[in-house]
Number of protein chains: 2
Amino acid sequence: MDRSSSDADATRSRRATITDVAQLAGVSRSAVSRVFNAQGGISAATEERIRDAARKLHWTPSATAIALRSARSRTVGLVLNRPGVAEDGDPELPSGMFTGLEKVLARHDFGLLLHIATSVEHEEQTYRRLAEARRVDGVVLLESRVGDTRFELVRRLGLPAVLLGTPWVDDPISYIGHGPRGAGMREVAEHLLELGHRSIAAVSGPEDYVESSHRDRILREVLAAGGAGLVAHRPGPYTPVTAAERTRAILAQHPEITAIVYATDEMAIAGMATLREHGLRIPEDVSVVGYNGTDIGAWYSPALTTVRRDVSQRGRAAARALLGLMGVTVEASDEEVVDPELVIRASTAPPREAATATATAG
Amino acid sequence: MDRSSSDADATRSRRATITDVAQLAGVSRSAVSRVFNAQGGISAATEERIRDAARKLHWTPSATAIALRSARSRTVGLVLNRPGVAEDGDPELPSGMFTGLEKVLARHDFGLLLHIATSVEHEEQTYRRLAEARRVDGVVLLESRVGDTRFELVRRLGLPAVLLGTPWVDDPISYIGHGPRGAGMREVAEHLLELGHRSIAAVSGPEDYVESSHRDRILREVLAAGGAGLVAHRPGPYTPVTAAERTRAILAQHPEITAIVYATDEMAIAGMATLREHGLRIPEDVSVVGYNGTDIGAWYSPALTTVRRDVSQRGRAAARALLGLMGVTVEASDEEVVDPELVIRASTAPPREAATATATAG
DNA sequence: TTGAAAGCGGTACCAG
DNA sequence: CTGGTACCGCTTTCAA
């Protein structure tokens with residue numbers, strides 16, 4: 001009873017269309033359409049018949065037909081730019097962000113179309129294609145870059161867009177910025193200053209990433225104001241391998257540093273491994289701070305001091321903003337924008353000098 | 001020259017349609033269609049004019065119109081089932097898999113529609129919606145479960161599907177299985193046996209996940225054949241917190257164990273933290289093995305012994321299989337299916353007893 | 001080699 | 001309150 005029947009069903013029985021429903025209910029297609037678009041003007045009895053028919057036929061309006069008719073696909077595009085994927089790297093996806101985005105989009109019956117690009121050109125090419133083929137009604141832009149040409153591009157394409165980050169120049173694009181507080185770096189700097197660190201290094205993200213350079217700037221400013229210095233600053237891609245390499249370079253040139261701030265938790269972990277290879281203990285010899293990332297750092301030993309940010313919340317905010325731009329009425333959100341939070345764990349401690357000084361003083 | 005012109009362009013100039021192109025080229029719409037579908041039967045001169053016109057108008061066929069006309073959306077759906085997302089957990093996305101999938105799909109001009117469900121019911125509901133609204137031409141099923149009802153569901157929905165995993169029962173569904181070799185667990189078991197371990201525990205994934213139970217079974221079998229025992233076996237969700245909890249339970253009940261095999265690298269890291277809390281050294285007192293995951297384990301100290309699997313390759317294979325099912329001719333792939341590979345690092349070593357025995361014997 | 005016309009599955013305007 | 005009908009943008013016979 002099973003082997004062939006299901007196959008046959010799938011092949012034979014054409015899916016029901018609005019016409020089938022109308023016929024079964026004995027009404028016109030317009031009537032069916034009205035019922036399912038809550039336009040009113042249909043008698044209760046008729047509506048009942050129509051809904052019955054639809055239920056019986058398992059009918060749901062075709063998203064494609066609606067898309068054609070309304071010139072809206074109810075889909076949002078997201079292009080992840082991951083250079084290096086070509087070489088089979090397995091880049092981490094910003095998972096929290098996805099869940100945040102998807103949650104809000106799904107609630108409004110929007111889909112999320114994911115693409116992965118391997119270069120800036122490839123990325124822009126992808127937006128262009130998505131827009132021209134009208135596959136999406138809008139896009140979420142990730143990773144704000146210095147010199148970013150995407151705002152201009154999406155505008156030319158007539159594509160509503162929201163940037164998850166802060167634009168590098170004053171630009172009318174909608175964005176979910178990193179907030180006024182320096183994305184948590186102020187707290188990091190203050191924490192290190194309080195502990196007594198004066199020679200600090202940063203292994204940061206790509207130089208042309210707005211957020212990365214913003215974080216560096218805040219770090220540098222607050223440290224300077226506190227009488228300390230960012231003695232070394234090594235930008236680079238967000239990869240553990242780079243972090244290890246940068247850490248080695250810093251140790252070679254600035255053996256005096258007592259703390260290193262990494263751009264991600266993964267990089268911090270790779271950095272700690274490198275520090276250990278050099279016979280340095282954490283946090284006794286060098287304090288280490290991570291950022292964001294998974295909470296895997298909590299399990300590391302020593303547990304990693306880091307900055308936690310609610311990326312999922314940011315994703316939701318971006319989705320709401322984008323829906324608004326696309327003309328969808330979104331429920332007003334009472335959601336607070338939460339500031340990044342410094343999570344102090346065991347990888348930061350007073351530097352040896354300070355500890356000694358204190359001991360001597362005491 | 002810019003402030004208003006671009007805005008106006010976006011608002012005013014309706015996007016070009018095939019009719020515009022036809023008019024500009026002085027031909028019929030059919031002619032344009034033929035040119036862009038490589039159907040031949042158009043003189044070189046005409047084709048040239050048509051292409052010129054299209055270029056001038058920046059015209060690209062509308063994906064929605066094509067979708068309606070052809071009854072295919074050129075989109076593949078992927079529903080991630082992440083219970084717990086509701087509570088703001090940030091589940092890791094299987095990134096490598098996505099890049100693998102996307103790469104192949106994009107090459108064939110297919111999009112990847114991502115959804116996130118928070119329960120099995122929600123997940124099935126999502127497939128149903130996607131199918132009924134004809135938003136996708138097929139779906140990729142993740143995480144094969146015991147008692148899985150999705151195969152039956154997608155069949156009923158007439159939705160081509162490929163399971164990334166092995167079905168729990170003999171089922172006609174297409175799938176990219178975990179291979180005959182026990183997904184690398186045979187190697188893990190042999191490695192531990194060779195080192196001399198005899199009392200081994202497993203902190204594995206959810207009991208109703210086919211792959212998890214398969215891995216457990218292989219582990220148990222190979223260990224038994226080698227005269228060792230899987231003395232403790234604690235399934236649970238793939239989370240570090242669970243891993244820590246399970247590790248504590250194992251230590252309490254089976255202090256004699258000398259090695260623990262974890263379901264993921266993240267879990268292994270949490271487990272190692274727990275072992276340390278109990279004053280145990282790794283690998284001197286307890287050997288630890290992870291699985292898959294990011295390569296963050298390489299930077300852990302001690303570097304984590306794990307099983308590496310090319311998930312991106314599996315993603316590509318799934319995409320090719322699915323495209324095939326949907327009637328797309330995919331280039332024959334010369335890609336070898338690579339077996340999971342045991343990566344021996346520093347977290348595994350001979351157990352103390354064995355080490356002593358050897359020393360005594362030597 | 002090319003054009004005309006009939007849809008694909010809906011929506012919305014206009015009558016009645 | 002309900003039905004008829006002209007599209008949305010493209011593909012595909014069928015004729016010419």
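To find a chain, count down the sequence lines: A is the first, B the second, and so on, and within it residues start at 1.
B/Arg135 has its CZ atom 17 Å from the P atom of C/dG9, to the nearest Å. Straight-line distance from the CZ atom of B/Arg74 to the C1' atom of D/dG9: 17 Å, rounded to whole Å. Atom CD1 in A/Ile50 sits about 14 Å away from atom P in C/dG10, given to the nearest Å. Following rounding to the nearest Å, B/Phe36 (CZ) and D/dG9 (P) show an atom-to-atom distance of 17 Å. The CG-P distance, from A/Asp20 to C/dC8, rounds to 11 Å in whole Å. Atoms CD (B/Gln23) and P (D/dG9) sit 13 Å apart, rounded to a whole Å. Per the geometry, CD1 belonging to B/Ile66 stands 7 Å off C1' belonging to D/dC10, to the nearest Å. Distance CD (A/Glu132) to C1' (D/dG9): 16 Å, rounded to an integer number of Å.
Using modelled atom types, one finds no donor on one side chain facing an acceptor on the other under 3.5 Å when comparing A/Arg34 with A/Ser30. Side-chain contact, B/Arg128 with A/Thr60: no donor N or O sits under 3.5 Å from an acceptor N or O.
Residues A/Ser174 and A/Ala161 come closest through the heavy atom pair CB-O, 4.0 Å.
Salt-bridge annotation for A/Arg82 and A/Glu143: present, with a side-chain N of the basic residue lying under 4.0 Å from a carboxylate O of the acidic one.
Not one side-chain nitrogen or oxygen of B/Thr17 sits closer than 4.0 Å to the OP1 or OP2 atom of D/dG9. Regarding contacts with the backbone of D/dG9, every side-chain N or O of B/Ser62 stays at 4.0 angstrom or more from both OP1 and OP2. OP1 or OP2 of C/dG10 lies within a sub-4.0 Å distance of a side-chain N or O belonging to A/Trp59.
Nearest nucleotide to the A/Ile18 side chain, out of C/dG9, C/dG10, D/dT11: C/dG10.
Counting only residues at least two apart or in different chains, salt bridge (charged side-chain N to carboxylate O under 4.0 Å, His left out) contacts with residues 38-50 of chain A comprise A/Glu47-A/Arg51.
In terms of the ring-ring contact (aromatic ring centres under 6.0 Å, His included) criterion, A/Tyr175 has no residue partners (sequence neighbours excluded).
The only member of B/Glu124, B/Arg129, B/Glu123 that meets side chain to side chain donor-acceptor pair (under 3.5 Å) when paired with B/Tyr127 is B/Glu123.
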Open item on the list: Does the protein touch nucleotides 1-7 of chain C at the base, only the backbone, or not at all? Give it as B, S and - per nucleotide, heavy atoms under 4.0 Å.
Closed with: SBBBBBB
